[in-house]
Structures are given as structure tokens and as C-alpha cells.
Colleague: 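Handing you this structure, nothing more for now.
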Amino acid sequence: MLIKVGNLDCTEVWDGVFYKALSDYPRITEWEIRNILDFIEYEKIYGRECRIECENNEIVDLIEKAINDPTKYKNISPPELITECTACPYRKGCETKFVCHTTPKENAVSIFESGKLLSAVRARGVPAEELMTESRNAAHDPADFFHYIMFAWGNCQAGDRLVMERKLGRAPDENYLSVDFTPGIRFYFRYDEIINHPGAVIDGFLPVKIKDELTLSDWVYAIIIPAEYKSELDPIIPCQLKDKVIYVENDCKDIWDWSEKVYSIIESNCKP
């Protein structure tokens with residue numbers, strides 16, 4: 001796996017490359033170094049070697065030094081706002097108090113029926129090696145990725161964008177991110193709690209991911225459902241999750257507006 005570090009628009013993993021954006025290039029923070037170390041450690045578990053590229057040799061030297069002495073970075077916590085992603089027009093970065101898993105309405109039905117979030121392998125009953133070959137795996141993710149439930153930072157729109165991509169069978173254009181945007185259902189978790197789940201893995205790219213399955217009643221903080229789905233979903237929501245559900249009207253102009261509205265609601269309901 002190649003790790004490309006630099007002055008990039010966002011951090012992503014695509015086609016065998018981990019593009020690691022820095023919030024204040026050419027400076028690299030201790031949190032960003034920890035991300036890279038966690039990524040290398042995760043890749044090592046699955047037998048993949050990593051090499052690092054950066055136009056700034058001082059950054060490469062700092063990372064290589066950290067690889068040889070990783071102890072000081074193990075307990076580095078994320079900042080309240082991660083500013084390496086420049087896409088968000090409202091927060092100008094990722095808020096780190098909450099993470100969320102976003103899914104389309106159709107998948108939410110089976111989630112509520114089981115009371116669990118499941119990895120792609122468990123939810124679909126298809127081997128990871130087969131899921132790898134599907135056209136929807138546009139990023140060419142390796143087989144192990146499909147054994148995990150993925151989470152994004154709480155104010156991120158990436159989950160809803162993926163819901164639209166799955167619905168259309170292609171990358172959504174601006175129209176489908178605005179007037180024809182269809183929000184998914186968001187399952188919210190407190191970051192400082194979910195990282196203690198027995199199946200939690202920190203891979204240096206996502207905030208956290210969970211191996212195999214997660215029982216909602218034990219961990220979920222809140223569930224955001226677009227109000228238009230209330231009549232369909234409310235009857236099948238388990239009793240123990242009813243008080244976690246918040247129905248939200250989608251009166252937003254686009255995906256960014258929706259993400260901000262939803263996260264503001266989560267923040268306003270946040271208990272100390």
C-alpha cells in the first residue's frame with residue numbers, strides 16, 4: 001500500500017493508495033502522525049507492506065522516526081475539529097465528538113428487525129472475495145474491509161453521498177446532491193464510547209470501524225430518520241430503540257445543508 005502525504009483536498013483510500021491530507025502542510029501534527037502509524041499497523045495485520053511518499057523530505061523523516069519509536073503517539077487523541085478536509089462549507093472540518101453510520105431506508109429495515117449493524121459480509125451473506133469483485137467496489141478495497149462496519153465523523157456527508165451512489169449505481173452529480181438528494185438513516189455513536197467496543201479497530205483512515213456486528217441497544221446514541229420514512233419505519237423500530245429515534249424534516253437545499261442540520265440536532269441533544 002502506498003501512503004501519499006501532502007497538501008491534498010481530503011484524506012481517502014483509493015485503488016491501493018492512502019492519500020493523507022495534512023491540515024497545515026508542510027507541518028504535520030502528532031495526530032496526523034498517529035493516523036499514519038495506525039494505518040501501517042492495520043495493513044501489517046493483513047500482510048500488506050506500506051511505503052511513504054511526500055514531496056517534503058522532512059515530513060518523511062519525521063514519519064520514519066515515528067515508525068521506529070511509536071510509543072509517544074499511541075495515546076494522542078483527535079482534536080475537537082479535524083481541518084485536513086476542506087470540503088465542508090459549514091464547519092470547515094470534521095467534528096470528533098460523534099461518529100455515524102449511514103444506510104439507505106431498505107437496509108434500515110433489516111437493521112431494525114435484527115437490532116444490529118452488520119458488516120457487508122454478514123448483512124449480505126456473500127464472501128468478502130466476491131464482494132471485492134463487484135462494480136460497486138470502485139475504490140478496489142481489499143477483502144478485509146468487507147468484514148467491518150464503517151463509521152464517518154458525525155458531521156460528514158460521505159455516508160449520504162454513498163447512499164446516493166448506491167441508489168443511482170454511479171457517482172451522483174450536483175443535481176442528486178441538491179434538489180434530488182435523498183438522505184439516508186444515520187446511526188450516531190459517541191466516539192469516546194464506541195472506540196471501547198470489543199470489535200473496534202482504528203485503521204488510521206476511518207475514525208473507527210467495528211468487526212462483524214454491533215448491537216444497537218448497547219451502543220447507539222441517536223438515530224436520525226428523515227420524517228418522510230416515519231410511517232414506514234416507526235412500526236418496526238424495537239421498543240428499546242424508540243427513545244433514540246429523532247425524525248427530521250428534509251427541508252434542506254443540498255447534502256451539506258442536511259448534514260449541518262442533522263449534526264446541529266445531535267449537538268443540541270448532547271448530554272454531558
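FYI, the numbering just counts along the sequence from 1.
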Colleague: I'd like to know if K97 and E267 make a salt bridge, using a cut-off of under 4.0 Å between side-chain N and carboxylate O.
Modeller: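 Looking at E267 together with K97, the answer is no, because their closest N to O distance does not fall below 4.0 Å.
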Colleague: For S259, give me all partners under side-chain contact (heavy atoms from CB on, under 4.5 Å), at least two apart in sequence or on another chain.
Modeller: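 Testing S259 for side-chain contact (heavy atoms from CB on, under 4.5 Å), a comparison that skips the adjacent residues, returns Q157, R186.
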Colleague: Using 4.0 Å as the upper bound for N to carboxylate O, is an ion pair formed by D180 and K167?
Modeller: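 Salt bridge: no.
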Colleague: One pair to check against ring pair (Phe, Tyr, Trp, His ring centres under 6.0 Å): Y191 and Y221. What are the steps and the verdict?
Modeller: CA-CA 10 Å; Y191 174 74; Y221 177 82; over 10 Å; no
Colleague: Quick one: do Y188 and L118 end up in the same hydrophobic cluster if we chain Ile, Leu, Val, Met, Phe, Trp and Tyr together by side-chain heavy atoms under 4.5 Å apart?
Modeller: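 Y188 does not cluster with L118.
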Colleague: Could you label the plane-to-plane angle of the F187 and F112 rings as parallel, tilted or perpendicular, counting under 30° as parallel and over 60° as perpendicular?
Modeller: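 Tilted.
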Colleague: Does the side chain of T11 come under 3.5 Å of the side chain of E84 through a donor N or O and an acceptor N or O?
Modeller: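 The answer is yes; a qualifying pair exists.
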Colleague: Does K209 qualify as a cation-pi partner of Y42, given the criterion of NZ or CZ under 6.0 Å from the six-membered ring centre and within 45 degrees of its axis?
Modeller: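 Checked: cation-pi criterion met.
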Colleague: Could you check whether E53 pairs with R51 (Lys NZ or Arg NE/NH1/NH2 to Asp/Glu carboxylate O, under 4.0 Å)?
Modeller: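 Salt bridge flag = yes for R51 with E53.
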Colleague: Excluding sequence neighbours, so at least two apart, what forms side-chain contact (heavy atoms from CB on, under 4.5 Å) with E134?
Modeller: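 Result, side-chain contact (heavy atoms from CB on, under 4.5 Å) vs E134: R124, L131, R136.
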Colleague: Considering all heavy atoms of both residues, which atom of W258 and which atom of I224 are nearest to each other, and what is their separation?
Modeller: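 That would be CZ2-CG2, 4.2 Å.
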Colleague: Does D257 come within less than 4.0 Å of K261, counting only side-chain N to carboxylate O?
Modeller: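 Looking at D257 and K261, the cut-off is not met.
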Colleague: Would you say D234 and Y247 are linked by a side-chain donor-acceptor pair, where the criterion is simply a distance under 3.5 Å?
Modeller: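 A donor-acceptor contact under 3.5 Å links the two side chains.
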Colleague: Go through the structure and list residues passing side-chain hydrogen bond (donor to acceptor under 3.5 Å, both in side chains) with D15, not counting sequence neighbours.
Modeller: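 D15 satisfies side-chain hydrogen bond (donor to acceptor under 3.5 Å, both in side chains) with H140 only.
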Colleague: Hydrogens and angles aside, do E260 and S264 bring a side-chain donor and acceptor to less than 3.5 Å of each other?
Modeller: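 Their side chains do contain a donor-acceptor pair, which is all the 3.5 Å distance test asks for.
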